[in-house]
Amino acid sequence: MRSHLLNDLTAEHYRRSVTEGVERVAARLAATDRPFTGVTVDALAPRIEGIDLDRPLHDSTAALDELEELYLRDAVYFHHPRYLAHLNCPVVIPAVLGEAVLSAVNSSLDTWDQSAGGTLIERRLIDWTAGRIGFGPAADGVFTSGGSQSNLQALLLAREEAKPGRAGWNAPDISDTLGKLRIFASEAGHFSVQKSAGLLGLGPDAVVSVPVGADKRMQTVALAHELERCVAEGLVPMAVVATAGTTDFGSIDPLPEIAELCARHDTWLHVDAAYGCGLLVSPARRRLLDGIERADSVTVDYHKSFFQPVSSSAVLVRDASTLRHATYHADYLNPRRMVTERIPNQVDKSLQTTRRFDALKLWMTLRVMGAAGVGSLFDEVCDLARQGWDLLAADLRFDVVVEPQLSTLVFRYIPAAVTDPAGIDRANLYARKALFASGDAVVAGTKVAGRHYLKFTLLNPETTLDDIAAVLDLIAGHAEQYLGESLDRAS
Ligand SMILES: *Cc1c(COP(=O)(O)O)cnc(C)c1O
């Protein structure tokens with residue numbers, strides 16, 4: 001069994017084994033003509049259930065053969081131009097190369113003595129990102145597993161900063177503290193804000209939902225009103241979460257106005273740029289993030305708009321000292337004396353302990369392609385979304401919700417023969433399901449004002465306007481087929 005351990009003696013085995021895996025994936029990528037095979041849970045589950053995990057194959061070629069059947073053949077492929085569903089990007093090759101390196105070397109970024117250069121590379125990338133945001137020299141941050149964890153950590157820091165002793169705080173009873181804290185986020189903000197509030201021990205009413213306008217951006221007049229009401233009721237505005245790229249609409253909240261209100265109320269401003277962070281490197285659209293430099297903390301998901309493999313994310317803070325709220329000194333790992341010895345231990349800033357060297361993927365990407373190279377790919381998909389909007393707006397078969405600031409389109413099919421809103425809902429739900437089952441394309445769905453809509457999230461520069469037009473025709477076809485069949489059933 002020792003021959004399976006990766007070490008000096010097995011370097012050749014490692015090379016052959018991983019190369020064989022790479023070749024399988026390359027062959028599969030080259031052969032995929034649809035984003036999905038349409039496999040069902042019922043068809044796939046017995047195959048996976050049928051594997052006896054206590055009877056190993058003792059051979060990686062055989063295990064790969066088996067994996068073809070269990071996974072590779074029927075996986076959902078984000079690189080396909082007709083995968084238009086969620087915030088999954090096709091990945092860039094330099095990042096995949098970084099992934100291969102980081103998992104083989106297997107550094108852990110919790111402490112310097114488990115990573116050495118890995119820690120310094122991550123720190124450079126944090127400083128680089130902070131610079132792109134426009135933070136000053138006091139900024140810091142850390143890589144995380146994703147936007148949800150970044151949001152949780154940012155809100156933890158905000159909670160600690162909002163503790164008694166702060167100006168405006170007048171709750172003498174500490175047990176009363178958590179129930180009084182309020183977080184403000186737009187109704188189009190990400191659900192991880194609500195989850196975080198729960199994890200942080202805040203009350204069920206802790207997140208105040210601020211309405212959005214027709215453009216799906218937070219209404220700052222409403223935010224001002226809610227902040228004033230909060231203070232008047234003796235509650236404490238703990239944080240405002242502005243979303244720079246809402247998950248559904250790609251809408252960007254008005255950052256400068258929100259920053260102004262946060263300054264007035266001495267409230268933490270968190271900018272959730274999980275989706276919109278690609279604008280930090282966009283040659284054409286960086287100004288859409290103007291005002292982000294006034295945030296106290298920022299979430300960026302490189303695995304969304306920087307074309308990085310999952311996971312790659314970070315939370316950035318304007319003031320490094322706020323990260324102390326995530327610090328715990330363990331004798332065995334990162335004792336306090338290491339701080340005075342200036343030994344860089346990233347665990348001092350992280351919610352995780354053992355942590356992947358995900359930063360290497362971004363490093364390789366920037367070293368090979370450069371920031372503008374990545375940003376121009378994101379610009380391409382934003383341009384495509386604009387053209388898709390024009391197409392949809394001119395097509396009487398469809399109703400499209402909001403002109404895109406980034407790269408999503410939310411729309412629905414409006415059958416000529418149906419006026420009943422529930423019937424339109426059913427036709428759209430059916431069309432999405434039927435399209436998925438066919439594997440010809442994958443689209444997402446969401447609700448707008450209680451009604452069912454469909455969504456394209458465009459993150460693939462290889463997707464063309466022809467692809468969009470073709471998928472719209474497929475959707476219309478499935479919806480019409482459904483309506484035809486339900487007419488048959490009725491008669
Ligand atoms: C995707 C997303 C998140 C969550 O990020 P994960 O990496 O999926 O955990 C948070 N906020 C916004 C706006 C997002 O789009």
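Side-chain atoms are counted along with the backbone in the values below, which use heavy atoms only and exclude waters and symmetry mates. Note that ligands are numbered from 1 as they come in the structure, with each ligand's atoms numbered from 1 the same way. Bear in mind the structure is a predicted one, so any value in this text is a computation, not a measurement.
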S148 and ligand 1 - part of the residue with a heavy-atom distance under 4.0 Å: both
Numbered atoms and elements of ligand 1 in range of N151, under 4.0 angstrom, heavy atoms: 10 (C), 11 (N)
Close approach of D272 to ligand 1, heavy atoms, under 4.0 angstrom: yes
Q387 atom CD, neighbour heavy-atom count above 12 within 6.0 Å: yes
Atom indices of ligand 1 within 4.0 angstrom of A274 heavy atoms, with elements: 2 (C), 3 (C), 10 (C), 11 (N), 12 (C), 14 (C)
Test item: E293 side-chain N/O and G291 main-chain N/O as donor-acceptor pair under 3.5 Å: yes
Exam field: side chain D110 to backbone V347, donor-acceptor pair closer than 3.5 Å: no
L269 backbone acceptor or donor facing D296 side chain under 3.5 Å: yes
Nearest-neighbour protein heavy atom for atom 3 (C) of ligand 1, which is reported as residue plus atom name and distance: K304 NZ, 3.2 Å
Close approach, G245 and ligand 1, non-hydrogen under 4.0 angstrom: yes
Part of T299 within contact of ligand 1 (heavy atoms, under 4.0 Å): neither
Numbered atoms and elements of ligand 1 in range of L87, under 4.0 angstrom, heavy atoms: 15 (O)
Proximity of T246 to ligand 1 by residue part, where a heavy atom lies under 4.0 Å: neither
Ligand 1 N/O within reach of D301 N/O, cut-off under 3.5 Å: yes
4.0 Å heavy-atom contact, H303 with ligand 1: yes
Within 6.0 Å of CD in E233, more than 12 heavy atoms from elsewhere: yes
Nearest neighbour in protein (non-hydrogen) for atom 6 (P) of ligand 1: G147 N, 3.3 Å
Option among R73, R47, R28 that satisfies the salt bridge (Lys or Arg N to Asp or Glu O under 4.0 Å) test with E68: R28
Qualifying residue, where the test is side-chain contact (heavy atoms from CB on, under 4.5 Å) with F306 and the options are D301, L377, V281: V281
Mutual orientation of the aromatic rings belonging to Y83 and F78 [parallel < 30°, tilted 30-60°, perpendicular > 60°]: tilted
